[in-house]
Amino acid sequence: MSGIIAPSILSADYTNLERDVKLVEAAGAEYLHIDVMDGNFVPSISYGPNWVKQLRPETDMVLDVHLMVTNPEKIVDEFADAGADIIGVHVEATPHIHRALQMIKNKGVKAEVVINPGTPVLAIEPVLDMVDQVLVMTVNPGFGGQKFLPSTLEKIAQLRAVRDELGYDFDIQVDGGINDETVVAAYEAGANVFVAGSYVYDKVDPAAKIARLKALTK
């Protein structure tokens with residue numbers, strides 16, 4: 001299974017966001033990763049649904065919205081209506097993870113469950129039958145530019161094993177510290193969707209970085 005590259009606009013140039021989005025799309029990126037942070041679940045604050053609404057007509061890429069917010073079920077509908085194709089919610093962020101995922105599915109949007117580095121795969125096993133994608137955070141969420149945590153590779157492998165054993169069909173996404181070295185380890189462990197922020201948007205040659213990641217995950 002060839003890898004899907006999902007550049008994160010968290011590392012893009014906000015004053016030239018349309019340019020940076022079109023650049024990675026032209027380079028062959030399939031997804032655009034949008035990190036939504038509320039200053040509560042994680043320390044930082046980022047985008048609201050209007051960002052997604054404004055981006056939607058500017059690109060044909062899959063808009064992959066990662067909600068790093070407390071009680072995400074309160075805003076799922078807004079992001080779905082804004083044009084999100086995938087909405088990810090953290091199992092740690094709500095006592096009603098099944099309800100949150102069900103709300104996403106009811107809006108006709110692909111549902112993703114997300115786990116932090118310190119959360120075991122066991123915590124999401126009850127909802128794996130209803131998700132389209134699982135996101136394994138390979139850094140602690142909230143900030144770009146962090147180093148990949150090798151301990152998360154075991155969780156990726158566990159997810160692949162559970163998926164294969166039970167016949168599920170979800171993608172496995174990784175987010176955090178992805179570059180031309182860590183992407184190989186994550187791919188070999190079983191991931192097939194790769195979020196890359198600072199590695200891609202390094203102000204040098206984002207297109208070459210995307211091409212490199214795609215070549216390493218064929």
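Computation of the quantities below employed the complete heavy-atom set of this structure, encompassing side-chain atoms and omitting hydrogens, waters and symmetry-equivalent molecules.
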Are any side-chain N or O atoms of Y199 and backbone N or O atoms of L213, one a donor and one an acceptor, separated by less than 3.5 Å? no
Contacts under 3.5 angstrom, residues 69-77 side chains, donor-acceptor by atom type, not counting sequence neighbours:
unit_1	atom_1	unit_2	atom_2	d
T70	OG1	N40	ND2	3.3
E73	OE1	T94	OG1	3.1
E73	OE2	T94	OG1	3.1

Would you say CD of E58 has more than 12 non-hydrogen atoms from neighbouring residues, nucleotides or ligands within 6.0 angstrom? yes
Pairs flagged by side-chain hydrogen bond (donor to acceptor under 3.5 Å, both in side chains) wherever residues 110-123 is involved - sequence neighbours left out: H90-N116, E92-T119, E112-Q133
Are more than 12 heavy atoms from other residues, nucleotides or ligands located less than 6.0 Å from atom CD of E125? yes
pair I9-L55: side-chain heavy atoms closer than 4.5 Å: yes
Side chain to side chain donor-acceptor pair (under 3.5 Å) partners of D175, counting only residues at least two apart: H33
E30: what forms a side chain to side chain contact (heavy atoms under 4.5 Å, CB included) with it, not counting sequence neighbours? I4, I5, K214
Among pairs that include at least one residue of residues 95-107, which meet salt bridge (Lys or Arg N to Asp or Glu O under 4.0 Å), considering only residues two or more places apart or in two chains? D81-K107, K105-D132
Do Y47 and L10 come close enough that some side-chain heavy atom pair is under 4.5 Å? yes
For Y201 and S8, indicate whether the former's side chain and the latter's backbone hold a donor-acceptor pair under 3.5 Å. no
For I97 against V89, the heavy-atom pair lying closest together: CD1-CG2, 3.6 Å
Please check if the side chain of S46 supplies one atom and the backbone of D35 the other of a donor-acceptor pair under 3.5 Å. yes
Give every residue pair that meets the salt bridge (Lys or Arg N to Asp or Glu O under 4.0 Å) criterion with at least one member in residues 155-167, sequence neighbours excluded. none
